[in-house]
Amino acid sequence: MRVSKMFMPTQREIPAEAEIVSHQLMLRAGIMRKIASGIYSFLPLGYRTFRKVENIVRQEMDRAGAQELIMPAVLPAEIYQESGRWEVFGPEMFRLKDRNQRDFCLGPTHEEPFTETVRNEIHSYRGLPLTLYQIQHKYRDEKRPRFGVMRSREFVMKDAYSFDRDEAGLDISYQIMAKAYCAVFDRCNLDYIVVDADSGAMGGSGSQEYMVKSNVGEATVAFCTACGYAANDEKAVCVSKDGIDESIEMPLEKVHTPNSKTIEELMGFLGLAPDMFAKSIIYLADEKLVIAIVRGDREINETKLTNLLGCKELGLASATDVVAVTGAAVGFAGPLGLKANVTLIVDNEVSLMKNMVVGANETDYHFKNVSYGRDFNGTTVSDIRTIVKGDPCPKCGLKVDVCRGIEVGHIFKLGTKYTKALNCNFLDEEGKENPMLMGCYGIGVNRTMAAIIEQNYDDNGIIWPLSVAPYHAVVVPVMISDETQMKMAEEIYAKLVNSGVEVLIDDRDERPGVKFKDSELIGIPFRITVGRKAKDGLVELKERKGKDSLELSPDDAIKLIIEEIKAI
RNA sequence: CGAGGUGUGGCUCAGCUUGGUAGAGCGCCUGCUUUGGGAGCAGGAUGUCGCACGUUCGAAUCGUGUCACCUCGACCA
């Protein structure tokens, strides 16, 4: 391809709307343009990389025995009503009506149509196991799209669905996909970790996420370098400290704590460390009030709490409700002397505490020297806090580390959640009807592309790994008016094209600086510069990711590039 | 949905406080010079100042409303 003819609108300045590096570079390098909030077009250069990522996914899915098909993006309401998700998705689902006022939606995820298709066509154990997938546009009307393509309203997802006759079969299908996912992300040159995840609204029994380590990631993961344990912070297990607190229990004491509502204010007022306090937060869980108690320096993990309570919605209780339960202003809640009989959920760490400070359920008063078991007992003791760096690993006991991650892939064991709802059954050898066991597996293609940039860039722009680069190489004649240079550049270009190398020739009448800057911004892995030394039969080969360049003959440069491409 | 912010040429932004002929840099077009790291000189084109209503002799500037976009939070396969 000739750069002079390319639709490649690069920008020198950082667009005002872009906050994170991948978003900025995707706009500057002419990869994509915004059409509306969270909705983007991919331009030629971007679409080439996009298709490369897609093809890596496709190849690994095929290799894993999954079969590709394509479902519609416009789907009738009925199948989502059958599974109950027409309501569950709420405003996040893009909805529309046809001319006869029938309800449709733009598919946010395709469990339902896949399940329906398999239900209609597979009726025997002989047809199982079966894994189908598609690479398809998905639509979610996110409350807040952000970071360019990281969280967008229209995106492309590879979604695969496995159907098995029993748990053992599902385990096998799941493991095959788990392995294929590693192959995909390895080929994309990503530094990622596989973490245990909360299966959330998707339902089901087991789930793992593929997290690309990055501080712009929206998820937090805990991992243990010693034993390999890794989990999303919504799932990471917090164990209580070993051994019993040996301190002597002091007599309970009520203290006057005027205007000290927060742990910080209390620390200052009482001169105690934050781990001597227990904070009591009142929640409204599906219209039922509960109190959750964690140590003063901890955070309540609302996902864990939601799962523990088995509720659909969880939110902080209103001030009115707090006053009704505690009989005191907000900020003085505690487990002792509550005005109403509410469920008391106690974090496992608090259940070992002695001589702690808690709210007295009386405005401007706290209790000192409260000991769990002596002064109060919880309805339930469980792990309801968020893990932090330095906490003990639930597997080996050593300290865990915490980092941010971009979720590029997510795999679930769904079990019979959808197959039961949609009557997707099969007959076994004995002629008995059973629901199929289902797994679902997603990769965000656009997000993967952005994640690759987040891990592969420098001050000059993107550094595409060879496996996903829009072009493998670019030939840059320094001066197009110099016949020797132009002739040599054209010859190199022709040879590379004939060898199957995806190559650009920058034949624009621009100064060399402009060409170098552009080639670096768009991240082409190899650059052959044809300059002054052309008359001596030499060119310069520069790798985008390296600092140094080689001076060699055109044929040697071509050979080197071809060898590198063969290696991917 | 709560809070904050921004809308001025293709891009980045100034002008608004204190109303009076719409600006800069980059990009774009023409010509000349230049050619190993986003060139120089000369000339040129490009704007319903997001939209609507209002105040005023007069509104990019003041007021009200509205839309879009961005950030933080809440929420979320």
Side-chain angles (χ1 to χ4, degrees), chain A residues 9-20 23-24 27-28 30 33-39 85 88-93 107-112 138-148 150-153 155 157-161 197-204 207-210 216 218-219 232 234 302-303 306 312-316 407-412 414 417-418 440-444 447 459-461 476-482 485-486 506 508-522 527-534 538-540 542 549 551:
Chain A
T10 57
Q11 291 180 327
R12 190 183 302 202
E13 310 216 36
I14 297 170
E17 70 185 53
E19 198 71 13
I20 65 168
H23 189 195
Q24 293 172 352
L27 294 171
R28 284 190 57 211
R33 287 292 182 263
K34 185 174 72 183
I35 292 288
S37 177
I39 298 180
R85 290 210 289 183
V88 171
F89 268 106
E92 198 167 305
M93 187 182 248
T109 170
H110 282 68
E111 281 76 11
E112 285 84 350
K138 295 284 183 279
Y139 298 86
R140 294 181 193 179
D141 195 357
E142 294 281 349
K143 279 174 191 164
R144 186 148 89 85
R146 60 171 140 181
F147 299 152
M150 283 288 186
R151 180 162 297 276
S152 54
R153 298 195 292 171
F155 58 99
M157 177 161 98
K158 184 287 299 174
D159 47 328
Y161 304 88
D198 180 57
S199 36
M202 300 296 290
S207 166
Q208 285 171 305
E209 289 168 334
Y210 289 73
V216 302
E218 294 186 83
N232 187 308
E234 293 177 341
E302 294 187 1
T303 304
T306 303
K312 280 183 183 143
E313 278 185 51
L314 182 79
L316 289 175
E407 179 192 345
V408 289
H410 200 161
I411 59 180
F412 293 89
L414 293 173
K417 180 177 161 105
Y418 294 95
C440 83
Y441 318 90
I443 292 177
R447 192 184 279 182
D459 289 347
N460 293 317
V476 179
V478 169
M479 220 198 307
I480 63 164
S481 54
D482 181 307
Q485 289 183 22
M486 252 341 253
D506 198 341
R508 292 177 297 174
D509 184 14
E510 287 284 357
R511 293 170 63 84
V514 174
K515 300 184 185 185
F516 294 152
K517 288 284 183 195
D518 268 343
S519 79
E520 280 158 13
L521 176 60
I522 67 176
R527 182 175 71 210
I528 295 179
T529 307
V530 185
R532 289 196 197 99
K533 293 272 176 71
L538 290 173
V539 296
E540 180 185 294
K542 166 89 173 56
S549 55
E551 204 167 75

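Just so we're on the same page: letters track the sequence lines, and every chain starts at 1. Heavy-atom basis, side chains included; hydrogens, waters and symmetry copies ignored.
As a whole-Å value, the separation of A/E92 CD from B/C75 C1' is 8 Å. A/R511 places its CZ atom 9 Å from the C1' atom of B/G37, with the value rounded to the nearest Å. In this entry the distance linking CZ of A/R508 with C1' of B/G36 reads 15 Å, nearest Å. Whole-Å rounding puts the A/I39 CD1 to B/C70 P distance at 11 Å. Rounded to a whole Å, the CZ atom of A/F147 is 12 Å from the P atom of B/C70. Spacing between atom CD of A/E142 and atom C1' of B/G73 amounts to 15 Å, rounded to whole angstrom units. For the pair A/E510 CD and B/G36 P, the interatomic distance rounds to 14 Å; values are reported in whole Å. Residue A/R151 contributes atom CZ, which lies 14 Å from atom C1' of B/G73 at whole-angstrom precision.
A/M486 places none of its side-chain heavy atoms less than 4.5 Å from the side chain of A/M479. Side chains of A/R532 and A/V478 form no contact here, defined as non-hydrogen atoms less than 4.5 Å apart. Using a 4.5 Å heavy-atom cutoff, the side chains of A/E551 and A/E540 are not in contact. Looking at A/N460 and A/F516, their side chains never come closer than 4.5 Å, going by heavy atoms from C-beta outward. The shortest distance between side-chain heavy atoms of A/K138 and A/H110 falls below 4.5 Å. Between A/R140 and A/T109, the closest side-chain pair of non-hydrogen atoms falls below 4.5 Å.
Distance from the side chain of A/R532 is smallest to B/G36 among B/G38, B/C70, B/G36. For A/V478, taking side-chain heavy atoms from C-beta onward, the closest of the listed nucleotides B/G37, B/A39, B/U35 is B/U35. Closest to the side chain of A/R12, out of B/C26, B/G36, B/U71, is B/C26.
No engagement by A/D159 is indicated, since no non-hydrogen atom pair under 4.0 Å with the nucleic acid exists. A/R28 comes within contact range of at least one nucleobase, with a heavy-atom separation under 4.0 Å. Across all strands shown, A/E218 has no heavy atoms under 4.0 Å from either base or sugar-phosphate atoms. If you check every strand for non-hydrogen atoms under 4.0 Å, A/E540 touches a base. Heavy atoms of A/F155 sit under 4.0 angstrom from at least one base atom. Residue A/E302 is classed as a sugar-phosphate contact, given heavy-atom separations below 4.0 Å to backbone atoms only. Counting any heavy atom pair closer than 4.0 Å across all strands shown, A/R527 reaches a base atom.
Base pairing annotation: B/C16 forms no Watson-Crick or G-U wobble pair, as no partner gives both donor-acceptor distances under 3.5 Å. Nucleotide B/A39: paired with B/U33 (Watson-Crick or G-U wobble, both distances less than 3.5 Å). Under the Watson-Crick and G-U wobble criteria, each requiring two contacts below 3.5 Å, nucleotide B/C1 is paired to B/G73. Pairing of B/A59, defined by two Watson-Crick or G-U wobble distances under 3.5 Å, is not identified with any nucleotide. Searching all strands for a Watson-Crick or G-U wobble partner of B/G7 with both distances below 3.5 Å returns B/C67. Pair check for B/A45 finds none; no Watson-Crick or G-U wobble contact set falls under 3.5 Å. If you check B/A22 for Watson-Crick or wobble pairing at under 3.5 angstrom, you find it has no partner at all.
Place A/K517 and A/E234 on RNA chain B by their nearest nucleotides, and A/K517 ends up nearer the 5' end. If you find the closest nucleotide of RNA chain B to A/M479 and to A/G442, the one lying nearer the 5' end belongs to A/M479.
Remark: A/K143 engages no residue in a side-chain contact (heavy atoms from CB on, under 4.5 Å) (not counting sequence neighbours). A/Y441 is linked by a ring-ring contact (aromatic ring centres under 6.0 Å, His included) to nothing, counting only residues two or more places apart in sequence or in another chain.
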**Asked** Going through the distances and angles, do A/R527 and A/E520 end up as a salt bridge (Lys or Arg N to Asp or Glu O under 4.0 Å)?
**Response** CA-CA 9 Å; A/R527 182 175 71 210; A/E520 280 158 13; 3.1 Å; yes
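One finds a side-chain N or O of A/K34 lying less than 4.0 angstrom from the OP1 or OP2 phosphate oxygen of B/C70. When the side-chain nitrogen and oxygen atoms of A/S481 are compared with OP1 and OP2 of B/U35, none of them lie within a distance under 4.0 Å.
Rounded to a whole angstrom, the distance from the P atom of B/A45 to that of B/C53 is 32 Å. Nucleotides B/G50 and B/A3 place their C1' atoms 23 Å apart, quoted to the nearest Å. When the C1' atom is compared between B/G37 and B/G43, the two are found 28 Å apart, to the nearest whole Å. B/U21 and B/G25: their C1' atoms are spaced 23 Å apart (whole Å). Taking the C1' atoms as reference points, B/G2 lies 29 Å from B/C62, given to the whole Å. For the P atom pair drawn from B/C49 and B/C72, the interatomic distance equals 32 Å after rounding to whole Å. For the C1' atoms, the distance from B/G44 to B/G38 is 23 Å, rounded to whole Å. On the C1' atoms, B/A59 is 14 Å away from B/U8, given to the nearest whole Å.
A/E111 has a carboxylate O that lies under 4.0 Å from a charged side-chain N of A/R85, or vice versa, which qualifies the two as a salt bridge.
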**Message:** Each nucleotide in nucleotides 1-13 of chain B should get exactly one letter: B, S or -. Can you fill that in based on protein heavy atoms under 4.0 Å?
**Reply:** ----------BSS
